[in-house]
Participant: 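Sharing a structure here in structure tokens format.
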Amino acid sequence: MTSRPPQQPDREIKSLRDEIRRHERLYYVLDRPEITDAEFDALMRRLRELEAAFPQYASDDSPTRRVGGERSNTFAPVPHRVPMLSLDNCYSEEEFMDWHARVVKGLGGEKFELAVEAKIDGLSCSIEYAGGRLARASTRGDGETGEDVTLNVRTIGAVPLSLPAGAPGDFEARGEVYMDKRDFESLVKEALEAGEEPFVNPRNAAAGSLRQKDPAVTARRRLKFFAHSYGHLAAGAEPASHWEYLERCRELGFPVSSVRKLCGGAVEVVDFYRDHAEKRFSLPYEIDGLVVKVNSLRQQKLLGFTAKSPRWAIAFKYPAQQAVTRVLGVEFSVGRTGAVTPVAQLEPVKCGGVTISSATLHNFDEIARLGLKIGDRVVIERAGEVIPKVVRADASARDGSERDIVPPKKCPSCGSELFKDEEEVALRCVNPSCPAQLRRSLLHFASRDAMRIEGLGESSVDQLLARGLLKSFPDIYRLKKEDLLGLELFKDKKAGNLLAEIARSKEQPLSRLIYALGIRHIGEKSGRTLAEHFRTMKAFMDAGPEELAKVPDVGPVVAEAVSEFFKSAATRSMIGELESLGLRMDEPERASSGNKLDGRTFVFTGELKGMTRSEAQARVRGLGGKETSSVSAKTSYVVAGADPGSKLDKARKLGVTVLTEEEFLKLLAGE
DNA sequence: CCGCCTCGAGTTCT
DNA sequence: CTCGAGGCGG
């Protein structure tokens, strides 16, 4: 390329920058480019040349600085001046109307407008300007503190590096960083051609691209940005409404979604929602719902916040993405208790951002209800949850080649005959030495809530089983270093770690051991109740049904299951072996550090920041409180961490007190 | 006997 | 997380 000698380099640089900015805005913000990509690139090249030749005119907010040459090794934490909260979700018109009714009530019947925007599937980001220049950009993180991704955000064309004259000097825009469907598709293609694992959905691609160490990589990913929320507002600069704020963002050069509407009432919102149920698929980016906000900031303040989200906004999501696929076959998995469960093998299909290849069918009643045959075309969905579900079979798509799903007569693992208890749905394999059951039992025994043997997971157990080194629980405690070193996947250190873990697990209290044995109907909770009642394994083993039934929460069915379990001489001698191998066989007196929480019950939902859930549960128990798994009117507190699930909704419905993690800690500390 | 409160068991994918 | 079912109070 030829460089003509500039007459007045400073003036040419300035006009080039202005022109490039104008085209960036046309392309990214207005979606109305006036020049081709090649022409745009030529302008960029010329500007780069000039800046290189006349470094005295370099400037931080030049469009050439979008692709940073610098690298950042870590993402520094950035505390958010105003927390970045997540939104509450609703999945149906009915739930939306419930939210609307709460707003009406909260505003005491006052009239209000609703601002509706597309909810883009990307990741939220805060962008702060100081003195009119982009000063810092950060991810949402846990809502309180995010990660500094300034260098990467600078590469996003749609994000202005500086604000136009007359803009407030200090400004924070919050919005969504996302990737267009088309850019995502080509990224996937490139990755496949390069033999790399592609991102599974545009959201992950955007998140992965933003967290690149090298901003040059981020720059190539063509990320985009929509402003959608305010963060910190400079005093005196508050807009009167959300709609006004969006207009201001546009004036400052930020793109905002064109899928939006200012609605006068709930009916208009629902119409807009229905209208976009189909239309959304033809948008250039993925949306999973709408965000509905009370428009007036004054009314927003009036409504305030709940433990985790604003009361004045809600994400009105489209129902579980459904997908259509075919049933390739049905496999039968054998559980720890011998229960045989049919699992549909599906032709892999994308649904809600992940690829689904199998789905449980639960039992044969379910198969009958669905009228399902192998080869059927089926509709699957991942509702508000994660677990895929077959919704219905499409009988009209049959061509006659479909086959019935026949309940197996024999166990798919050991070939022994299967039985069906009267009045029970499940088929069971009753062979006590069935390999599939043994495998699941061993995994259960070692699992985190039972004997907690880290390193004895699926792959180790499979290898040890294949070598014939594990045939029973006591065998775990007979493993020697030589046994492990014979296996491919065990290096010296790893073998030592596993043996240390195994030795450590011998000290687990009786309650965990009882649970680990996998007696039917005995879970974690009953294990503890029984251990606390009987104190020693001997007393527990020798208890008759009537003695067992005296234990709270133990009725005839559970009592029968326990005596049945210990009736077998083999079981009793297995327990004897465990004892002689040095396992603890009693329950230590619980060190109760008080009973401040006596009689109060807790339910946890979402992820805690400062501790794991089992630590939190242990602390509640230590103070005399109880932890349960489901919310009811009797629940004293629901502790909501990050990303809480349906239990939070239930708590609200029942009027149960909801605590944040901070409030929970204060309660533990006795405040 | 009914209905509420719990617990247990099984499951998917990253 | 959800479903099914056991335990128990009314």
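Chain identifiers are assigned alphabetically (A, B, ...) following the order of the sequence lines, protein sequences preceding nucleic acid strands; residue numbering begins at 1 within each chain.
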Participant: May I have the distance from A:Phe604 (atom CZ) to B:dT6 (atom C1'), rounded to whole angstrom?
Facilitator: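 Going from CZ in A:Phe604 over to C1' in B:dT6 covers 17 Å.
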Participant: What integer distance in Å separates A:Glu331:CD from B:dT11:P?
Facilitator: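 Rounded to whole Å, this separation is 12 Å.
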Participant: For A:Cys434, does its backbone N or O pair with a side-chain atom of A:Ser413 as donor and acceptor, under 3.5 Å?
Facilitator: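 No: the side chain of A:Ser413 does not pair with the backbone of A:Cys434.
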Participant: Rounded to the nearest angstrom, tell me the gap between atom NE2 in A:His521 and atom C1' in B:dT6.
Facilitator: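 A:His521 atom NE2 is separated from B:dT6 atom C1' by 14 Å.
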Participant: Return no unless some side-chain N or O of A:Ser333 is found under 4.0 Å from OP1 or OP2 of B:dT11.
Facilitator: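 It does, given that an N or O in the side chain of A:Ser333 lies less than 4.0 Å from OP1 or OP2 of B:dT11.
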Participant: Which residue lies toward the 5' end of DNA chain C, A:Pro552 or A:His362, if each is placed at its nearest nucleotide?
Facilitator: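 Comparing both residues, the 5'-ward one is A:His362.
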Participant: B:dG8, OP1 or OP2 - any side-chain N/O from A:Lys525 closer than 4.0 Å?
Facilitator: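 Looking at the OP1 and OP2 atoms of B:dG8, neither is under 4.0 Å from any side-chain N or O of A:Lys525.
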Participant: According to the salt bridge (Lys or Arg N to Asp or Glu O under 4.0 Å) rule, which pairs have a member within residues 431-453 of chain A, sequence neighbours left out?
Facilitator: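 Output for this query lists A:Arg439-A:Glu458, A:Arg439-A:Asp462.
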Participant: Any side-chain N or O of A:Thr601 below 4.0 angstrom from OP1/OP2 of B:dC5?
Facilitator: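 Indeed not, no polar side-chain atom of A:Thr601 lies that close.
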Participant: Parallel, tilted or perpendicular: which fits the ring planes of A:Tyr515 and A:His444, with parallel below 30° and perpendicular above 60°?
Facilitator: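 If you compare the ring of A:Tyr515 with that of A:His444, the planes turn out perpendicular.
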Participant: Calculate the interatomic distance between A:Gln345 atom CD and B:dT11 atom C1'; express it in whole Å.
Facilitator: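 Those two atoms, CD and C1', are 13 Å apart.
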Participant: Can you tell me if the side-chain N/O atoms of A:Arg440 get under 4.0 Å from OP1 or OP2 in B:dT11?
Facilitator: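 It does, given that an N or O in the side chain of A:Arg440 lies less than 4.0 Å from OP1 or OP2 of B:dT11.
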Participant: Starting at CD1 of A:Ile356 and ending at C1' of B:dT14, how long is that distance when rounded to a whole Å?
Facilitator: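 It is 11 Å, rounded to the nearest whole Å.
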Participant: A:Lys647 NZ to B:dC5 P: how many Å, rounded?
Facilitator: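 Spelled out: NZ on A:Lys647 to P on B:dC5 is 16 Å.
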Participant: Side chain of A:Thr360, heavy atoms from C-beta onward: which of B:dC5, B:dT11, B:dT6 has the nearest atom to it?
Facilitator: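 Closest nucleotide to the A:Thr360 side chain: B:dT11.
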Participant: Considering only side-chain heavy atoms of A:Thr605, which listed nucleotide, B:dC13, B:dT6, C:dC1, is closest?
Facilitator: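 Taking heavy atoms from C-beta onward, the closest nucleotide is C:dC1.
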Participant: Mapping A:Ala359 and A:Arg336 onto DNA chain B by nearest heavy atom, which one lands closer to the 5' end?
Facilitator: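 Counting from the 5' end, the first nearest nucleotide belongs to A:Arg336.
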Participant: A:Thr360: which residues meet the side-chain contact (heavy atoms from CB on, under 4.5 Å) condition with it, sequence neighbours left out?
Facilitator: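 Scan of A:Thr360 (side-chain contact (heavy atoms from CB on, under 4.5 Å), adjacent residues dropped) gives A:Thr341, A:His362.
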Participant: Remember a base hit wins even if backbone is also touched, and classify A:Thr341 as base, sugar-phosphate or nothing at under 4.0 Å, heavy atoms.
Facilitator: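 The residue A:Thr341 makes sugar-phosphate contact but no base contact.
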Participant: Tell me the interatomic distance from A:Ile514, atom CD1, to B:dC7, atom P, rounded to whole angstroms.
Facilitator: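 Rounded to whole Å, this separation is 16 Å.
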Participant: OP1 or OP2 of C:dC1 sitting under 4.0 Å from any side-chain N/O of A:Ser629?
Facilitator: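 For C:dC1, neither OP1 nor OP2 has a side-chain N or O of A:Ser629 closer than 4.0 Å.
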Participant: Between B:dG10 atom C1' and A:Arg520 atom CZ, what is the distance in whole Å?
Facilitator: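 Distance, rounded to whole Å: 13 Å.
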Participant: I want to verify a distance call: between B:dT6, B:dG8, C:dG6, whose nearest atom is closest to the A:Ser632 side chain?
Facilitator: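 Output: B:dT6.
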Participant: Compare all side-chain heavy atoms of A:Phe664 with those of A:Thr660 and state whether any distance is below 4.5 angstrom.
Facilitator: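 They are not in contact (no side-chain heavy atoms under 4.5 Å apart), so the answer is no.
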